[in-house]
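Okay, so here's the structure we're looking at.
These numbers come from the heavy atoms of this one structure, side chains and all, not from hydrogens, waters or symmetry mates.
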Amino acid sequence: MPNEFARPGYVFVCAACGKTSPNLYGKGVRNGWDESCMLNAVLCIEEKVDGVWVPAVDPQAAKETPHDHG
């Protein structure tokens, strides 16, 4: 399965631990994103609303394709 990337303004959030990543596999992320985070990832709006992550209304539209990243 190819890596998925969040468009600007969105971020993947691990529903289990709260860690964030701009891509599903955590490539280049140094905050400890792991396989469990990938499996529990929810694509959200990058800015929290009242301290809460807000899931993307249309997750497919909030993703970029891998070729956008070379």
Test side-chain contact (heavy atoms from CB on, under 4.5 Å) applied to Met38 and Phe12, step by step: CA-CA 9 Å; Met38 181 191 76; Phe12 287 98; over 6 Å; no

Closest heavy-atom pair and its distance - Lys63, Arg7: O-NE, 3.2 Å

Shortest non-hydrogen contact between Val11 and Thr20, atoms and distance: CG2-CB, 3.7 Å

Connected hydrophobic set around Val42, excluding itself, where side chains approach under 4.5 Å: none

Residues forming a side-chain hydrogen bond (donor to acceptor under 3.5 Å, both in side chains) with Glu35, sequence neighbours excluded: none

Pairs flagged by side chain to side chain donor-acceptor pair (under 3.5 Å) wherever residues 42-58 is involved - sequence neighbours left out: none

Residues that Ile45 engages under side chain to side chain contact (heavy atoms under 4.5 Å, CB included), provided they are two or more places apart: Tyr10, Val54

Shared hydrophobic cluster, Val13 / Leu39 (ILVMFWY, side-chain heavy atoms < 4.5 Å): no

Beyond-backbone contact of Ser21 with Cys37, side-chain heavy atoms, under 4.5 angstrom: no

Pairs involving residues 22-31, ordered by first then second residue, that meet side chain to side chain donor-acceptor pair (under 3.5 Å) (sequence neighbours left out): Asn3-Asn23

Distance in Å, Asp34 CG paired with Lys19 NZ, rounded so as to fall on 0.5 Å steps: 5.5 Å

Where Gly26 and Trp33 come nearest, the two heavy atoms and their spacing: CA-CD1, 3.4 Å

Remaining members of hydrophobic cluster (4.5 Å side-chain criterion), Val52: none

